[in-house]
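Here is the structure we will look at.
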Amino acid sequence: MFESNTKFLVVDDFSTMRKIVKKALSELGYTNVIEAVDGRDALDKLNEALAKNEHFHFIISDWSMPKMQGIELLKACKQSPQLCHVPFILVTAESEQAQIIEAVKAGVSEYVVKPFSAQILKSKIEKVYQKNIVEKKAV
Amino acid sequence: MTAVRKIPAQHPFIDPAVILNVSNGVTETLQVMAQITADFQKPFIENNWRAPTDVSVHLTLNSDPYRGRIQFHFNKSIIKQIIKNMLDAEAATDEESMLDCMGEISNMFYGAAKTKLNASGFNLSMTIPKPCLTQNLPKSLQDTTCMVIPFKVDEEICYIEIIIL
């Protein structure tokens, strides 16, 4: 399990999905959750946090959003030396092979296909978190 | 009475595969996300059809060279049930929350169908769902011929509408 003060950034243009993800996180014991309405808003919040020497520990983002899509946000994060190590889960209704390959190539940590049960989302979050802890210990 | 414009029988948007995959997308999404069962009824073709519902979501349905729209129509009582099942009994069910919920749910309906249909030769593109009150649906989408697929949820009728442009 992660530490309870782990800071999550949840990105989706629909507040319903942000609430569903927040509910799952809350059930896992994580309540430090900031919301963003699209990729551009998310990038602004990530950069604002960096400017204050604060950090997000985890990003959970939708793929299809106006202004800036989730895959573009993922690529932008991977290009940033300060954000490239932040675990990134894409939660999306898009499950075509070409899109999954694009996300994997871009460095996504995990891919959750909508519709999903709360149990699936929670298990993927925990899996990515555990993997991240193991990798940090190895470094 | 206006005669129903004849849709070519071979038009891909009224192919049984489209009806099946869109219906399966709705069934799976409602079951997995809200533990709600959808009971599908016989589709029909109509001219200038108006959904007798409260809330609608419209999405583009484009697969070159074909153009269309897909719309999902629900009454508020069903939407409230979906919100409560997905979130909790205390979740807000004001109009804004209902529109947002149906936008997200329709995104899942479409995404599930799109994945299956594109694997079988369609080339449906990504689209952002636009929820609104049914009475506020764009006028340009109203005077058209469409296929309507009704389905029952808790004794209320909801509709999928596929518009051929």
Side-chain angles (χ1 to χ4, degrees), chain A residues 10-27 31 33 35-41 60-74 90-103 111-124, chain B residues 21 24-36 38 55 57 59-60 79-80 82-94 96-131:
Chain A
V10 175
V11 192
D12 201 301
D13 50 330
F14 287 106
S15 70
T16 300
M17 187 47 64
R18 298 198 302 272
K19 286 176 192 164
I20 289 170
V21 175
K22 278 179 79 174
K23 183 170 178 259
L25 289 171
S26 170
E27 287 167 1
T31 53
V33 181
E35 298 179 38
V37 298
D38 56 48
R40 172 53 52 198
D41 185 30
I60 302 175
S61 176
D62 185 24
W63 181 308
S64 180
M65 296 178 287
K67 291 188 185 172
M68 187 185 200
Q69 301 216 359
I71 189 73
E72 295 171 62
L73 173 64
L74 170 63
L90 270 171
V91 182
T92 173
E94 306 295 333
S95 59
E96 285 163 52
Q97 201 173 18
Q99 284 152 347
I100 295 173
I101 290 169
E102 185 182 3
Y111 198 94
V112 181
V113 178
K114 302 175 192 174
F116 56 82
S117 67
Q119 211 49 47
I120 290 283
L121 177 63
K122 289 193 270 191
S123 69
K124 297 232 175 179
Chain B
N21 283 298
N24 285 347
V26 170
T27 301
E28 186 192 3
T29 299
L30 290 177
Q31 188 62 55
V32 172
M33 298 302 296
Q35 300 77 55
I36 282 175
V55 171
V57 182
L59 303 95
T60 58
I79 303 173
K80 284 180 184 173
I82 292 171
I83 292 175
K84 287 183 187 303
N85 288 11
M86 283 201 308
L87 297 168
D88 58 58
E90 304 305 315
T93 54
D94 55 278
E96 188 183 348
S97 300
M98 284 195 265
L99 293 178
D100 186 278
C101 173
M102 292 326 294
E104 179 61 64
I105 283 282
S106 299
N107 185 36
M108 292 186 220
F109 295 161
Y110 177 76
K114 173 177 169 278
T115 299
K116 296 273 169 55
L117 289 168
N118 282 358
S120 65
F122 281 83
N123 186 26
L124 295 167
S125 48
M126 270 192 191
T127 175
I128 304 241
K130 295 182 177 67

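Because the structure is predicted, anything quoted here is derived from the model rather than measured. The chains referred to below are lettered A, B, ... by the order of the sequence lines, with proteins before strands, and numbering in each begins at 1.
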Please check if the number of heavy atoms outside A:K67 that lie under 6.0 Å from its NZ is greater than 12. no
Measure distances from A:K19 to the heavy atoms of chain B and classify the residue's part below 4.5 Å as side chain, backbone, both or neither. both
A:A93 and B:M108 have their tightest heavy-atom pair at CB-CA, 4.2 Å
Heavy-atom closest contact (A:K23 atom, B:M86 atom, distance): NZ-O, 4.0 Å
Spacing of B:M126 atom CE and A:E96 atom CD [to the nearest 0.5 Å]: 8.0 Å
Between chain A and each of B:L30, B:N118, B:T127, count heavy-atom pairs under 4.5 Å; write down the option with the most. B:N118
Given a strict heavy-atom distance threshold of 4.5 Å, which part of A:Q69 is in contact with chain B: side chain, backbone, both, or neither? side chain
With a cut-off of 6.0 Å (strictly less than), are more than 12 heavy atoms of other residues, nucleotides or ligands near CD of B:Q35? yes
Given side-chain contact (heavy atoms from CB on, under 4.5 Å), test B:E104 with A:I20 step by step and report yes or no. CA-CA 11 Å; B:E104 179 61 64; A:I20 289 170; 5.7 Å; no
Nearest 0.5 angstrom please: B:I105 CD1 to A:K114 NZ, how far? 9.5 Å
From B:P129, B:C101, B:S106, residue fulfilling side-chain contact (heavy atoms from CB on, under 4.5 Å) relative to A:F14: B:P129
Contact summary for B:D100 and A:D13, nearest pair of heavy atoms: OD2-O, 4.3 Å
Is B:K116 atom NZ crowded by more than 12 heavy atoms from other residues, nucleotides or ligands, each under 6.0 Å away? no
So what's closer than 4.5 Å to chain B heavy atoms on A:Q99: side chain, backbone, both or neither? side chain
State, to 0.1 Å, how close A:S64 and B:I128 come at their nearest heavy-atom pair, and which atoms those are. OG-CD1, 4.1 Å
What is the distance from atom CD of B:Q31 to atom OG of A:S117, rounded to the nearest 0.5 Å? 12.0 Å
